[in-house]
> 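One structure, pasted below without further comment.
If you read the sequence from its start, that first residue is 1, and numbering goes on from there. Because the structure is a prediction, the values reported are computed rather than measured.
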Amino acid sequence: MELVIIFVASGLIYMGLEILWRARTHVSMGIAGGLCGMLLWWLYSIIDAPVWLAYIIGLILISLVELAAGIVLNLKLKLAVWDYSKMPLNILGQVCPAFSMLWGLMGVAVWYLEKLAR
């Protein structure tokens with residue numbers, strides 16, 4: 001039940017952040033955000049990572065989920081949910097270092113909340 005709550009909360013927060021940033025979102029972002037939050041929560045509950053490692057884990061894990069989702073949603077299904085192709089050092093227009101660094105902060109937020117809950 002804990003992971004279900006984390007999934008829903010993370011998905012809503014992810015979508016909320018996107019609405020604040022771009023003034024729009026897509027239901028797939030709720031699913032991706034929920035998956036990221038749930039995976040991070042689970043991972044932080046089984047490893048005792050310092051905050052700097054939580055940042056790196058968040059950066060990598062969320063970027064991988066975003067890349068996979070982007071390949072399916074944007075490149076295969078042509079939904080055009082997001083496009084980072086104009087950002088420097090992007091990968092297939094689906095992820096880029098600038099946003100990956102921000103995702104690391106989400107990893108730290110989940111790390112902090114998981115520690116607080118325990």
Side-chain angles (χ1 to χ4, degrees):
M1 187 63 173
E2 178 181 74
L3 289 179
V4 171
I5 293 168
I6 298 304
F7 180 88
V8 171
S10 298
L12 291 173
I13 291 168
Y14 210 81
M15 290 173 71
L17 290 171
E18 190 168 50
I19 289 169
L20 288 173
W21 185 258
R22 301 186 326 153
R24 64 184 173 92
T25 191
H26 188 270
V27 69
S28 62
M29 293 297 86
I31 296 167
L35 180 63
C36 290
M38 188 177 67
L39 289 171
L40 288 169
W41 188 277
W42 170 77
L43 190 58
Y44 297 150
S45 73
I46 62 171
I47 64 169
D48 188 23
V51 68
W52 66 266
L53 184 56
Y55 178 85
I56 301 296
I57 291 169
L59 183 152
I60 292 169
L61 188 139
I62 297 170
S63 295
L64 288 173
V65 169
E66 286 265 324
L67 179 61
I71 288 170
V72 172
L73 298 170
N74 297 326
L75 301 181
K76 299 293 183 198
L77 298 177
K78 308 283 188 218
L79 294 180
V81 179
W82 71 89
D83 181 5
Y84 295 148
S85 61
K86 293 182 179 161
M87 298 293 289
L89 304 172
N90 74 81
I91 300 173
L92 302 173
Q94 306 311 302
V95 293
C96 66
F99 281 95
S100 292
M101 288 189 287
L102 289 173
W103 299 142
L105 296 176
M106 183 176 167
V108 170
V110 173
W111 173 86
Y112 179 76
L113 291 172
E114 193 278 329
K115 299 302 174 221
L116 192 62
R118 303 272 176 234

> Between A98 and M87, which heavy-atom pair has the shortest distance, and what is it?
CB-CE, 3.9 Å

> Check whether M106 and L53 end up in the same hydrophobic cluster, where Ile, Leu, Val, Met, Phe, Trp and Tyr are linked by side-chain heavy atoms less than 4.5 Å apart.
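Yes: a chain of side-chain contacts under 4.5 Å links M106 to L53.
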
> Can you tell me if Y44 uses its side chain to pair, donor with acceptor, with the backbone of G107 under 3.5 Å?
yes

> List, one per line, each side-chain donor-acceptor pair under 3.5 Å for residues 16-23, sequence neighbours excluded.
| unit_1 | atom_1 | unit_2 | atom_2 | d |
| --- | --- | --- | --- | --- |
| E18 | OE1 | T25 | OG1 | 2.6 |
| E18 | OE2 | R22 | NE | 3.3 |
| E18 | OE2 | R22 | NH2 | 3.3 |
| R22 | NH1 | V81 | O | 3.0 |
| R22 | NH2 | V81 | O | 2.9 |

> What are the two closest non-hydrogen atoms of L59 and M101, and how far apart are they?
CD1-CA, 4.0 Å

> For W41, enumerate each residue passing the ring-ring contact (aromatic ring centres under 6.0 Å, His included) test, keeping only those at least two apart in sequence or located in another chain.
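Here no residue qualifies.
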
> For Y14, enumerate each residue passing the side chain to side chain donor-acceptor pair (under 3.5 Å) test, keeping only those at least two apart in sequence or located in another chain.
E66

> Let me check something: any side-chain donor-acceptor pairs from residues 3-12 under 3.5 Å, sequence neighbours excluded? List them with distances.
| unit_1 | atom_1 | unit_2 | atom_2 | d |
| --- | --- | --- | --- | --- |
| S10 | OG | I6 | O | 2.8 |

> Kindly write out the residues that satisfy side chain to side chain donor-acceptor pair (under 3.5 Å) with S45, not counting sequence neighbours, or none if the list is empty.
none

> Suppose clustering is done on Ile, Leu, Val, Met, Phe, Trp and Tyr with side-chain heavy atoms closer than 4.5 Å. Which residues sit in the same group as L92?
L67, I71, L75, I91, V95

> With sequence neighbours left out, what residues match I47 under side chain to side chain contact (heavy atoms under 4.5 Å, CB included)?
L43, A49, I57

> Considering only residues two or more places apart or on different chains, which pairs with a residue in residues 82-98 satisfy side-chain hydrogen bond (donor to acceptor under 3.5 Å, both in side chains)?
N74-Q94, D83-S85

> Return the set of residues passing side chain to side chain contact (heavy atoms under 4.5 Å, CB included) with V51 (not counting sequence neighbours), or none when no residue passes.
V108, W111

> Which pairs, with at least one residue in residues 46-65 and sequence neighbours excluded, count as a side-chain hydrogen bond (donor to acceptor under 3.5 Å, both in side chains)?
S63-S100

> Which pairs count as side-chain hydrogen bond (donor to acceptor under 3.5 Å, both in side chains) when at least one residue sits in residues 28-40, sequence neighbours excluded?
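Counting only pairs at least two positions apart or across chains, the side-chain hydrogen bond (donor to acceptor under 3.5 Å, both in side chains) contacts touching residues 28-40 are H26-S28.
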
> Can you hop from I60 to F99 via hydrophobic side chains spaced under 4.5 Å?
yes

> What heavy-atom pair brings P97 and L89 nearest, and what distance separates the two atoms?
CD-O, 3.5 Å

> Are V65 and V110 co-members of a hydrophobic cluster defined by side-chain heavy atoms under 4.5 Å apart?
yes

> Nearest 0.5 Å, please: how far is CG in L113 from CG in L40?
11.0 Å

> In chain order, what residues pass the side chain to side chain contact (heavy atoms under 4.5 Å, CB included) check against P88, with sequence neighbours excluded?
none

